[in-house]
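A short write-up of the structure that comes next.
Just so you know, ligand 1 is whichever comes first in the structure, and atom 1 is the first atom listed for that ligand.
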Amino acid sequence: MAGGAFVNAGGDRIEYPGKMTLFVFLTCLVAATGGLIFGYDIGISGGVTSMDSFLSKFFPSVYRKEKEDTSTNQYCKFDSQLLTTFTSSLYLAALIASFFASTVTRMLGRKWSMFGGGITFLVGAALNGAAKDVAMLIVGRILLGIGVGFANQSVPVYLSEMAPAKLRGMLNIGFQLMITIGILAANLINYGTAKIKGGWGWRVSLALAAVPAGIITLGSLFLPDTPNSLIERGHDDKARTMLCRIRGTADIHDEYADLKAASEESKTVKHPWRNITHRRYRPQLIMAILIPFFQQVTGINVIMFYAPVLFKTLGFGSDASLMSAIITGLVNVFATVVSIFTVDRLGRRKLFLQGGCQMLACQIIIGTLIAIKFGTSGQGHFSHTYAGAIVAFICIYVAGFAWSWGPLGWLVPSEIFPLEIRSAGQSITVSVNMLFTFIIAQAFLALLCRLKFGLFYFFGFWVLVMTFFIAFFLPETKGVPIEEMAHVWRGHWFWGRFITDEDIHVRSKLEMTDGKKGTAAAAPTKLEMTDGKKGAAAAPTATV
Ligand code: BGC
């Protein structure tokens, strides 16, 4: 079915009229720049904390110990928990901030969360660039974290709500594309500032975070609110006008009625946080937790944070290490573009499954190549060709992540929550993501020292688990209108048991009252998914 549509048993083909307008494209482009601040931070910290001038100024004891470290064991590099805590404090701040962002996003609209995120990040960047002591650095990092928490909470939801269903994947992945561009830009900047004589290069790296922050802060002021959020806050007329504008047609009755019904239903929910634990939201809650968890245990941030350290460990010189980090950064950007053009055609599941297999194969190969040379003692040396082969497999691994778990780790959660729990659900996704980003950043060097080459097998094991999880438990969501997603869960062989016909009826009745779709009251018994696959919905009586 071209473009992707969703058909329920009443025979309603739920595919709204309208096209992708220039207006929607531009608003999504501006909103996606919220990803730049997250990406910039991921890319900048590792490089800055390895600059001697930065370390000797703020962490003299760490600097001394690092210089005294003469160990030749390639697996067990000097590990300072103090330094990594400083770096990853940002992720803890983001974790907490995303819960506050949930309220702002729901009560004031998505754009004010983005604006708040941008401005806090801007102040954080200024403090860090001008830092005189550790206190200034830490306060700065906390502010950066708050900025990331707010942006990551609101941007993916904004994009998924603005986009027409059949192009939602493409527009949402703009966010991940901006993350990867932020990481690459940071790597390039570090490469340049590390060469600045006089020891103030780190200031330039940290202060330049103000550029992406300025872009999203200013940009958000020009952004319109999403129709979903306008209805949620009682601005029905504005919502109707906005919907006409973003869909480029006056024929928005069906979509508007669905949004309105979703909003009416959401008004019956007074406590999103308590309600998200309700049985009928179980599938979404599990996904909100497991998807970001799995995204982090792919091990991607070992490469993103530690590429220079890792490449140095593998016997590259320090310039060559930074260069290799730039190569993986480029692969990350270009492979993300691949997902932009395939996600709404192939669907989410195919990308997840293909990317998972590719990452797993690379992890096994990389682990084995390292085992052959370094064994368990960690003593050894790579030839240029051997090191080149490892970098090549790291690039293939990064590409696999960049068109699967990278973008889909943000896209899928943002499109599966019904309106009444959307902000709360997205906060859970952000906080789980930040928590495991923090844990992996914190534990990586200690894990490498203990697990040695087995670290790659460790992450490979998780990739295997998540690939099976997707195969069995994630239904395809491509092309399904965001407010119709309940039907997808109801039709799933496993999740269907958590959602009763009554749960679906509530929505259908509301649609009926709204004068829409005469047949919609019939409970859907059959789903026709975009890839032409038909599946019988779970038995009408819920099996508990
Ligand atoms: C993840 C980050 C990761 C980045 C790499 C994002 O989707 O959330 O943790 O560093 O992708 O491109």
Tell me, which residues have any heavy atom less than 4.0 Å from some atom of ligand 1?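 Phe38, Ile42, Gln176, Thr180, Ile183, Gln295, Gln296, Asn301, Met304, Asn332, Phe401, Gly406, Trp410, Asn433.
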If you round to the nearest 0.5 Å, how far is CD1 of Ile179 from CG of Asp41? 12.0 Å
Closest non-hydrogen atom pair, Gln81 against Gln442: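 That would be OE1-NE2, 3.0 Å.
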Assess whether a salt bridge exists between Glu483 and Arg422, defined as any Lys/Arg side-chain N lying under 4.0 Å from an Asp/Glu carboxylate O. yes
Name of the residue among Ser427, Ser414, Ser102 meeting side-chain hydrogen bond (donor to acceptor under 3.5 Å, both in side chains) with Gln153: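 Answer after filtering Ser427, Ser414, Ser102: Ser427.
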Counting the benzene-type ring for Trp, do Phe59 and Phe86 have ring centres under 6.0 Å apart? yes
For Thr298, enumerate each residue passing the side chain to side chain donor-acceptor pair (under 3.5 Å) test, keeping only those at least two apart in sequence or located in another chain. none
